[in-house]
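Every chain is numbered from 1 and lettered A, B, ... according to where its sequence line falls, protein lines coming before strand lines. What you are looking at is a predicted structure, and each value in this text was computed from that prediction instead of being measured.
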Amino acid sequence: MSNPITHNGVAVETDGSTATFMEEVGATRADFLKRAAIFGGGAVATASGLMLLPELAGASKKSDVAILNFALTLEYLESDFYDRALRRVEFTNERAQKFAENTAEHERAHVEAIVPTIEELGGRPVEKPKFNFGGAFADQDTFLQTAMALEDTGVSAYNGAGPALTVKAVKEAAASIVAVEALHASWVRAMVGAVPAPLAFDEPKTMDEVLAIAKPFIA
Amino acid sequence: MEGITNAPVRAEPAESIVAAEGFAQTRRGFLNKAAVLGGTAFAVSGAGVFAQAARAQNVPESDLEILNFALTLEYLETDYYERALNGEFGRLNAGVTRFASLLFSHESEHVAVLSSTISSLGGTPVDAPKTKFPKLNQRKFVRTAIVLELTGVGAYGGAFPAIKTKAIKEAALAIHSVEARHAAYARIVAGTPGAKESFFKPLTMEQTLERAQPFLA
C-alpha cells in the first residue's frame with residue numbers, strides 16, 4: 001500500500017465531514033459562470049464566457065486582454081504540464097496522483113474560461129505554445145518539485161498583474177483563479193515537506209519576471 | 001484510513017523551515033520578534049506591498065472601509081489561533097501546533113500591517129472585536145480553521161474588485177492568496193485534498209459577516 005500524503009505535521013482525522021462546507025464555498029465552473037451572469041447585470045451573455053459590460057472603453061478592454069493572454073499562456077503551460085504528468089509520471093503515492101488529477105482538471109477549466117473571455121473583450125486568444133518540460137516527469141519527486149515552482153509562480157503572476165485589471169468581471173475571475181492557484185501551491189508544498197504558506201504576504205511578480213521563469217518550458 | 005499518516009512524499013526534514021523561521025512559538029515570542037524587527041509593520045518580510053499602500057494618495061473612504069472590514073476578520077483569525085495556542089481547545093499534537101503557530105504568526109502580521117496602513121492613510125482602525133468560540137477539541141479546531149480561512153479567501157476575493165487604489169489592490173491580493181494557502185493547509189491537516197474547486201467563489205461583505213457572526217460576541 002502506498003503512503004497517503006498529508007502535511008508532515010500529522011493529520012488529525014478524516015471523516016469527510018468538511019466536504020459539505022467545501023462544496024458550499026467552492027464553486028464549480030457552472031456556478032462560476034452563473035454567478036458571473038448575476039454580477040454582470042445588463043451585460044452580454046454567452047454560453048461559455050464571462051459576462052462583460054458592453055459599453056467598456058476600448059483602451060481598458062485592450063489592456064485587460066493583454067493581461068488575460070498572459071494568464072492564458074501560463075494556464076496553457078500548467079494545463080499541459082499536468083496532462084502530461086498524468087500520462088508519464090509513475091506515481092508511487094495515490095495522493096500525489098490525486099493532486100495531479102485535481103489540478104489538471106482545474107487548470108483545464110481555467111483555460112476554458114479565459115479563452116471565451118478574451119473573445120468577448122474583442123481580443124484574440126494566444127495560440128497554445130509548444131512546451132518542453134525536460135526531465136520533469138522522470139519521477140514523482142521531480143514532478144512535485146516542478147509543480148511547486150509552477151504554482152508559486154502562478155500565484156505571484158496573478159497577484160502582480162491583478163491590480164492593473166479594469167473590467168469588474170475580469171477582476172472577479174482573476175481573484176477566483178488565483179485563490180485556486182494558491183490552494184494548489186500550498187497543497188503541493190505540503191506534499192514535498194515545505195511550509196505551505198512560507199510568507200505572511202505573497203510577493204507579486206511582474207510579467208517580465210514571470211515570463212523569464214516560464215521561458216525554459218516554452219519550446 | 002486515509003489521512004492519518006504523516007509521511008510527506010519526500011522524506012526530507014520537512015519541519016526545518018518552520019523551525020528555522022521560529023514559527024512554532026507563542027504570542028510572546030512573536031511580539032518579541034516584532035520588537036526586534038523594530039516595531040514598524042513594514043519590517044515584516046513580504047510586506048513591501050503595504051509600504052506602498054500606506055503612502056497612497058487620495059484614497060477614497062470606501063477603500064478604508066474595506067481595509068477595516070479586512071482588519072476585523074484578521075483580528076478574529078488571530079484571536080482564534082491565539083486561543084488554540086493557549087490551550088483553550090485542548091491539547092494539540094505537534095503538527096496541529098505547528099499549523100496554529102504559523103497561522104497565528106501570519107494573521108498577527110496582517111493585523112499589524114492593516115492597522116498601521118489605515119492609520120497612515122488618515123483612517124481610524126477598528127478595535128478588535130469581542131469573539132466567542134464554541135467548545136472545540138483538536139479535530140473541531142482544525143475544521144473550524146478551514147471555515148475561517150475559506151471565509152477569509154472569499155472575503156478578500158469579493159472585496160478586491162471594489163478597491164480603487166492600486167497599491168491597496170496589490171496589498172489585498174498579497175494577503176488573499178496567503179489566506180488561500182492557509183485554507184489548503186487546514187484542509188490537508190484535516191486529511192482532505194487541498195483543492196477541490198476550479199474557481200473560488202467570492203463572498204460579499206454580507207455573506208462574510210454571516211459566516212463570521214457565530215464567532216463574534
Side-chain angles (χ1 to χ4, degrees), chain A residues 3-14 17-18 21-22 25-29 31-32 35 93 96 98 102-103 105-106 109-110 140-141 144 155 159 162-163 168 171-172 175-180 182-187 190-204, chain B residues 2-10 12 14 17-18 44-47 49 93-96 98-99 102 106 109-110 138-139 142-143 146-147 150 153-154 157 160-161 166 169-170 173-178 180-185 188-202:
Chain A
N3 275 340
I5 302 164
T6 66
H7 180 253
N8 58 309
V10 183
V12 189
E13 184 176 318
T14 305
S17 52
T18 54
F21 183 81
M22 279 152 57
V25 170
T28 63
R29 178 160 188 265
D31 282 343
F32 176 72
R35 200 192 51 73
N93 183 299
K98 174 75 175 163
N102 280 22
T103 308
E105 185 190 324
H106 301 164
H110 296 169
Q140 181 179 284
D141 282 356
L144 290 173
V155 173
N159 281 354
K168 184 159 180 275
K171 291 181 201 173
E172 285 172 0
S176 78
I177 290 177
V178 68
V180 173
L183 294 175
H184 295 161
S186 179
W187 191 5
M191 274 193 290
V192 303
V195 177
L199 295 168
F201 307 90
D202 274 330
E203 300 269 12
Chain B
E2 65 170 3
I4 309 296
T5 175
N6 325 337
V9 188
R10 283 165 60 93
E12 63 182 28
I17 305 175
V18 176
V44 173
S45 66
V49 284
N93 70 31
V96 175
R98 197 155 50 235
F99 164 79
L102 180 72
H106 287 177
E109 291 189 39
H110 296 168
Q138 171 173 274
R139 183 175 67 91
V142 175
R143 284 173 52 194
I146 298 176
V147 173
L150 290 176
V153 181
F160 167 67
K166 185 156 183 279
K169 293 179 195 177
E170 282 169 7
L173 287 176
I175 294 183
H176 173 240
S177 56
V178 170
R181 288 174 185 270
H182 291 169
Y185 189 6
I188 293 158
V189 173
T192 57
K196 281 182 57 169
E197 57 280 82
S198 292
F199 301 96
F200 201 98
K201 195 187 258 178

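Residues satisfying the ring-ring contact (aromatic ring centres under 6.0 Å, His included) test with B:His176, not counting sequence neighbours, are none.
With chain B as partner, the option from A:His106, A:His184, A:Lys171 having the largest number of non-hydrogen pairs under 4.5 angstrom is A:His106. Between chain A and the options B:Ala180, B:Ala195, B:Ala184, heavy-atom pairs under 4.5 Å are most frequent for B:Ala195. When each of B:Pro161, B:Gly157, B:Ala183 is checked for heavy-atom pairs under 4.5 Å with chain A, B:Pro161 comes out on top. Ranked by heavy-atom pairs shorter than 4.5 Å toward chain B, the options A:Pro163, A:Ala179, A:Gly162, A:Ala182 are led by A:Pro163.
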Could you walk me through whether A:His110 and B:Phe199 satisfy the ring-ring contact (aromatic ring centres under 6.0 Å, His included) test, starting with their C-alpha distance in whole Å, then the side-chain angles of each, then the deciding distance to 0.1 Å, before giving a yes or no? CA-CA 8 Å; A:His110 296 169; B:Phe199 301 96; 5.3 Å; yes
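Proximity to chain B involves both the backbone and the side chain of A:Asn159, based on heavy atoms less than 4.5 angstrom apart. Within the 4.5 angstrom heavy-atom criterion, atoms from both the backbone and the side chain of B:Val178 approach chain A.
A 4.5 Å side-chain heavy-atom check between B:Phe200 and B:Leu150 finds at least one atom pair inside the cut-off.
Note: A:Ile177 CD1 to A:Glu172 CD = 12.0 Å, rounded to the nearest 0.5 Å. Interatomic distance, CH2 of A:Trp187 versus CZ of B:Arg181, reported as 15.0 Å (0.5 Å rounding).
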